[in-house]
Amino acid sequence: MSKKGMYSIAFAMLFTVCAIIVTQCVRSETHQGATSGQGGIILGFSQIGAESAWRKCNTGSIQQAAEESGVQLLFANAEQKQENQIKAMRSFIAYQVDVIGFVPIVADGWDNILREAMDAGIPVLVTDRKIHTEDDRLYAGFIGTDSEQEGREAAFFLLKKFARLGNQDEADGKPVRIIEISGTEGSSVALGRAAGFREALADHPEFTIIHSQSGDFLRSKGYEIMRNLLEVYSDFEVVFSHNDGMTLGILDAMREAGIRPGKDVVIVTIDAEQAAIDALRRGEVNCVIECNPKTGPAIMSLAKRLAQGEKIPRLLHVDETVFSEYDDLSSVAPRGY
Ligand code: GYE
């Protein structure tokens, strides 16, 4: 190589190193400015997408709370792909955010990226859905829903409903045939809701799940699946749907087929969107289990504590309630999602 060539390579390398140093300095100044000046921190947040009204409310809550609490939010929408979430988290690490928050679309497959965050000294807050890790120290804590309990609540309602109908006694109880439309496969919420539901029905063999299928938390799939199932099954007593979006599609398919949801078939659903509460009031749904999406303010305060180097609780479940046809629904406030 000519001398001139070597000089230009050396110059290019020097330039790159300087550029990196300058960028780092500017970045750390803005960063410190943001931290001390406005009392703010930088939170990189990976959301899974916008599959349901519940999810849109969850995103809105996070964005609004960030604004109100002076947190600079780097928000990334993964469009339902785990690989997009991992890419976003890697870019948050490169950007040296103070804290990373994310909603894990599925429970498995996070160890490597969590290790990268840990090596970079960035604490990670898991929100909404839980994860399985080899080592729980790979993330700082979790805030979100108790999906096992939601599944149990769905079962408790059925036990009450069918006891009132007079066929819960196992000895002479008629079979109660259940179709379950579950959430995204491999997500902690679908796994938890299914597990809690089965656990609470374990001692009641007359309750049998005759079909279980994932509708991916999508209204369109709820509709499509129920349309197909109505060609196959003519006798079943219950539909347990893992979210309201799918339930609304299921109700459409039933009405089209001349079935009266809530009367001919008992409908139990999770989330408590306004549309589901309205359907409960109309008698088309029998029980709605609340899942609370408004976690933005809690996420911001946990992120701030983590940025200060504080420890946070390992597990925080949000408050959730149950609305059923046995309740006085006149005082249920507008849901906001
Ligand atoms: O039930 C559903 C959704 O992860 C708890 O995701 C959440 C679920 C929620 O889109 O509607």
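Side chains are part of it too, since the values below use all heavy atoms of this structure and drop only hydrogens, waters and symmetry mates. If you read the sequence from its start, that first residue is 1, and numbering goes on from there. In listed order, ligands and their atoms are each counted from 1.
Residues forming a salt bridge (charged side-chain N to carboxylate O under 4.0 Å, His left out) with D216 (at least two apart in sequence, or on another chain): K221. Partners of E273 under the salt bridge (charged side-chain N to carboxylate O under 4.0 Å, His left out) rule, at least two apart in sequence or in another chain, do not exist in this structure.
Results of the ring-ring contact (aromatic ring centres under 6.0 Å, His included) test with F102 over F75, W110, F92 single out W110 as the only residue that passes.
One side chain, Q274 or D278, offers a donor N or O that lies under 3.5 Å from an acceptor on the other.
Using a 4.0 Å heavy-atom cutoff, I270 is absent from the residues neighbouring ligand 1. Heavy atoms of K130 come nearer than 4.0 angstrom to ligand 1 in no pair at all.
Here's the thing with R129: one of its N/O atoms is less than 3.5 angstrom from an N/O atom of ligand 1. Annotation: H242 places no N or O atom under 3.5 Å from an N or O atom of ligand 1; distance criterion only. Ligand 1 has an N or O atom lying under 3.5 Å from an N or O atom of R55, backbone or side chain.
Judged purely by atom type and a 3.5 angstrom limit, Q47 has no side-chain atom pairing as donor or acceptor with the backbone of N77. For E310 (side chain) and K304 (main-chain N/O), no donor-acceptor pair under 3.5 Å exists by modelled atom type. R314 contributes a side-chain N or O that, together with a main-chain N or O of D136, makes up a donor-acceptor pair within less than 3.5 Å.
Annotation: atom 3 (C) of ligand 1 to nearest protein heavy atom, E51 OE2, 3.3 Å. The protein non-hydrogen atom at the shortest distance from atom 5 (C) of ligand 1 is D128 OD1, 3.2 Å.
Using a 4.0 Å cut-off to heavy atoms of C291, the atoms of ligand 1 that qualify are 5 (C). Annotation for ligand 1: atoms under 4.0 Å from non-hydrogen atoms of R193 are 1 (O), 5 (C).
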